[in-house]
Chemist: 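Encoded as structure tokens, here's the structure I'll be asking about.
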Amino acid sequence: MNITQLPFIKEIYGFLGHDLVAAVIGILIILVFVPLNSAFLVWVERKVAGHIQLRPGPMEVGPHGILQTLIDAVKLMSKEMITPKLADKFLFWLAPIVIIIPAIVCFVVIPFSPLMQVREMNVGILLIFSFSSLTVLSILMAGWASNNKYALIGAVRAVAQNVAYEIPLLLSTMSIIIMTNSFKMSEITAAQSPVWFIVYQPVAAIIFFISTTAETNRAPFDLVEAESELVSGFHTEYTGMRFALFFLAEYTNMFIAASMGAVLFFGGWHGPFFPGLIWFVVKVYALIFVIIWVRWTFPRLRFDQLMNFAWKVMIPVALLNLMITAIVLKAL
Amino acid sequence: MGPLSEFKKYILEILTGSKSLVIGMGITFKRLFMPIVTVQYPRRKLTMTPNFRGHIEAIYFDDTKSHHCVACGLCVRTCPSHVIKVQGEKEKAGERKYGQKYYIDFTKCSLCGLCVDVCPEKTLTFSHEYELAYLSRWDGVIDIMRRLEAVTK
């Protein structure tokens with residue numbers, strides 16, 4: 001049954017118009033989903049970390065500690081939001097807001113199923129890339145405004161790292177784009193109905209995965225936070241709910257990165273027997289599990305290793321892959 | 001080295017590196033499903049190993065239905081921290097002394113174990129007690145005879 005046929009919804013449509021209702025409902029769903037997803041992912045991360053280290057992970061609050069992150073959120077909300085005396089007050093206040101907005105905006109174009117997409121756009125992929133690159137700005141803002149040497153070093157690293165890894169990320173995505181001739185998320189998904197693109201583009205998939213891990217500042221590329229050297233990097237001075245927003249943004253970015261990976265390489269919502277939504281969510285969480293798994297397996301890179309890896313390995317390989325894809329497509 | 005062998009080295013480095021990464025991922029994936037070694041402490045407790053050295057306690061012997069302490073005081077004299085206090089009494093003339101009171105101030109004990117080594121009747125041993133948090137300094141004074149009674153009852 002189409003939901004728009006319900007009399008109540010119909011009345012709202014008549015009152016507000018089709019686009020506005022879709023926007024309001026979409027934003028509501030996103031705003032509910034983002035914090036819940038982050039809470040769940042933090043729990044999953046702690047569980048996976050625990051089991052890899054032969055610990056049980058959180059066990060106390062709720063069955064197998066599933067409510068632990070909700071309790072943590074309550075704790076963070078009740079904490080004082082300290083602003084350091086010598087900090088740039090306005091930028092310090094602005095940075096957590098700027099980091100969470102792109103994370104939420106990117107959800108607009110993610111196709112959860114053929115019907116469940118807040119807004120279809122011709123430039124879906126570009127929208128995600130352009131908004132997620134704003135994250136760097138806010139990290140730099142946070143690091144600079146904190147007036148703290150560790151925060152500033154973390155922020156400077158973030159900029160260098162994100163600039164370096166954006167190039168292989170875009171190049172690996174380009175090899176998909178020239179195969180589908182579209183930036184639309186739904187068209188890219190539709191193009192993979194018989195065979196997933198990971199079969200045609202395994203190298204691009206690996207490069208995409210590594211670059212997104214670096215872009216979302218996850219280990220082994222978490223030089224931005226680097227607990228053992230930089231206290232906790234750019235959010236050293238942040239407390240309470242402001243800190244929680246950085247955390248929320250990190251896990252939301254992870255979800256976006258994983259859903260991009262699912263759309264570009266793993267056929268999005270395509271799959272037998274089950275509806276598209278289930279397939280999409282399963283693929284996304286499987287990819288997120290791999291990201292978490294990688295984090296708890298590998299040690300953090302040194303900064304020169306990180307840069308060398310981006311410029312000497314990732315970019316040449318991605319360029320070569322793109323070139324070969326183009327030649328093959330032209331020859332066919 | 002020519003440029004070609006440099007290039008070969010570069011490719012080999014990427015390949016061997018990727019291989020070791022995959023091996024590392026395999027190890028952590030296997031550990032993900034291995035049994036957990038952590039114990040949820042207040043609900044489940046571990047049994048200590050036989051050679052665990054807690055504070056000292058008296059051994060129960062079946063022949064006397066009690067300990068073998070004769071209150072000789074060797075442990076008192078050998079103790080480097082002076083934490084042991086023993087009192088005994090002789091019930092009949094010509095009989096051995098019988099230890100009646102045995103206190104240690106565990107807050108100052110260094111767990112050296114000299115008292116256990118020196119005991120001529122071999123009636124001292126280390127307990128397997130590890131929950132040793134006290135609210136006051138006096139809680140750290142352990143009455144070993146009462147402990148033995150509590151164990152035998």
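Convention: sequence-line order gives letters A, B, ...; per-chain numbering from 1.
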Chemist: Could you verify whether a donor N or O on one side chain and an acceptor N or O on the other, from W296(A) and T28(B), lie under 3.5 Å apart?
Modeler: no
Chemist: Side chain, backbone, both or neither: which part of P316(A) has a non-hydrogen atom closer than 4.5 Å to chain B?
Modeler: side chain
Chemist: Does CZ in R53(B) sit with more than 12 non-hydrogen atoms of other residues, nucleotides or ligands closer than 6.0 Å?
Modeler: yes
Chemist: Is any side-chain heavy atom of L54(A) closer than 4.5 Å to a side-chain heavy atom of V37(B)?
Modeler: yes
Chemist: Sort Q40(B) into side chain, backbone, both or neither according to what part of it lies under 4.5 angstrom from a heavy atom of chain A.
Modeler: side chain
Chemist: Does Y41(B) OH have over 12 foreign heavy atoms under 6.0 Å away?
Modeler: yes
Chemist: What's the spacing between I52(A) CD1 and R31(B) CZ if we round to 0.5 Å?
Modeler: 9.0 Å
Chemist: Would you call K312(A) and E13(B) a salt bridge, using N to O less than 4.0 angstrom?
Modeler: no
Chemist: Does atom CG of L4(B) have more than 12 heavy-atom neighbours, drawn from other residues, nucleotides or ligands, at distances under 6.0 Å?
Modeler: no
Chemist: Parallel, tilted or perpendicular: which describes the rings of F289(A) and F29(B), with under 30° parallel and over 60° perpendicular?
Modeler: perpendicular
Chemist: Answer yes or no: is there a side-chain heavy-atom contact under 4.5 Å between F33(B) and H51(A)?
Modeler: no
Chemist: Write down the atom of T38(B), the atom of P56(A), and the distance for their closest heavy-atom approach.
Modeler: CB-CD, 3.4 Å
Chemist: Take a 6.0 Å sphere around OH of Y200(A) and say whether it holds more than 12 heavy atoms from other residues, nucleotides or ligands.
Modeler: no
Chemist: For H128(B), look at atom NE2 and say whether over 12 heavy atoms of other residues, nucleotides or ligands are found less than 6.0 Å away.
Modeler: yes
Chemist: Under a 4.5 Å heavy-atom cut-off, does chain A meet the side chain of I27(B), its backbone, both or neither?
Modeler: neither
Chemist: Tell me, for L32(B) versus chain A, whether the close heavy atoms (under 4.5 Å) come from the side chain, the backbone, both or neither.
Modeler: both
